[in-house]
> 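Shown below is the structure under consideration.
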Amino acid sequence: MSDTAHPLSAQDCLVTLMIAVSASDEDLRTAELVEIDSAVNNLPIFAKYDADRVRTMASLVFDLFEQEDGLDALFGLVRDNLPERLHETAYALSCDVAAADGTLQETELRLLEEIRYELNLDRLHAAAIERGARARHMRA
């Protein structure tokens with residue numbers, strides 16, 4: 001796939017990262033999928049986004065995850081197509097998906113760490129984002 005022929009929108013990048021976090025442990029949990037759906041349907045950043053593209057982005061992520069360097073390719077697409085002003089948004093959405101089911105798998109934690117690195121996020125900002133996700137998804 002040539003990423004110049006099919007550039008991703010900023011919203012596509014956000015969706016691919018959320019799906020990647022959900023798929024990282026090879027178990028797409030319902031709570032995670034509901035979190036992705038809720039974000040796409042309710043957040044202002046997705047106001048003009050075609051929600052039908054979520055399925056296309058999921059296929060892209062699954063195809064990339066089957067390749068040896070698929071994660072690197074995914075991050076390359078995100079670096080090329082996600083404006084820096086949305087890096088913290090991307091991390092916040094990724095953290096929300098990881099926290100949605102009430103548990104954080106080791107693979108999810110590793111992927112979140114990689115996202116922090118790839119998006120060059122400040123450690124304090126990342127910690128605040130993580131704490132917010134924990135607070136929003138706390139169980140009674």
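These figures come from a predicted structure and were not determined experimentally. When reading the values below, keep in mind they use all heavy atoms of this one structure, side chains included, and skip hydrogens, waters and symmetry mates.
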> Is N120 close to H87 at the side-chain level, that is, under 4.5 Å between some pair of heavy atoms?
no

> Just checking Q67: does its CD atom have more than 12 heavy atoms from other residues, nucleotides or ligands closer to it than 6.0 angstrom?
yes

> Between the main-chain N or O of D63 and the side-chain N or O of E66, is there a donor-acceptor pair closer than 3.5 Å?
no

> Would you say that S9 contacts D12 through its side chain, given a criterion of any heavy-atom pair below 4.5 Å between the two side chains?
yes

> For a 4.5 angstrom cut-off between non-hydrogen side-chain atoms, does D37 reach V54?
no

> Got T16 and L60 here, is their nearest side-chain heavy-atom distance under 4.5 Å?
yes

> Check this for me: does any side-chain nitrogen of one of R136 and E35 sit under 4.0 Å from a carboxylate oxygen of the other?
no

> Does CZ in R55 sit with more than 12 non-hydrogen atoms of other residues, nucleotides or ligands closer than 6.0 Å?
no

> Evaluate the side-chain proximity of L112 to S94: yes if any heavy-atom separation is below 4.5 Å, no if none is.
yes

> Distance check, rounded to the nearest 0.5 Å: R79 atom CZ versus D72 atom CG?
7.5 Å

> Applying salt bridge (charged side-chain N to carboxylate O under 4.0 Å, His left out) to R116 and E88, what does each step give before you reach the verdict?
CA-CA 9 Å; R116 271 193 317 269; E88 288 181 348; over 6 Å; no

> Report the C-alpha distance between R53 and V15 in whole Å, list the side-chain angles of each, state the deciding distance to 0.1 Å, and finish with yes or no for side-chain contact (heavy atoms from CB on, under 4.5 Å).
CA-CA 9 Å; R53 286 193 53 79; V15 169; over 6 Å; no

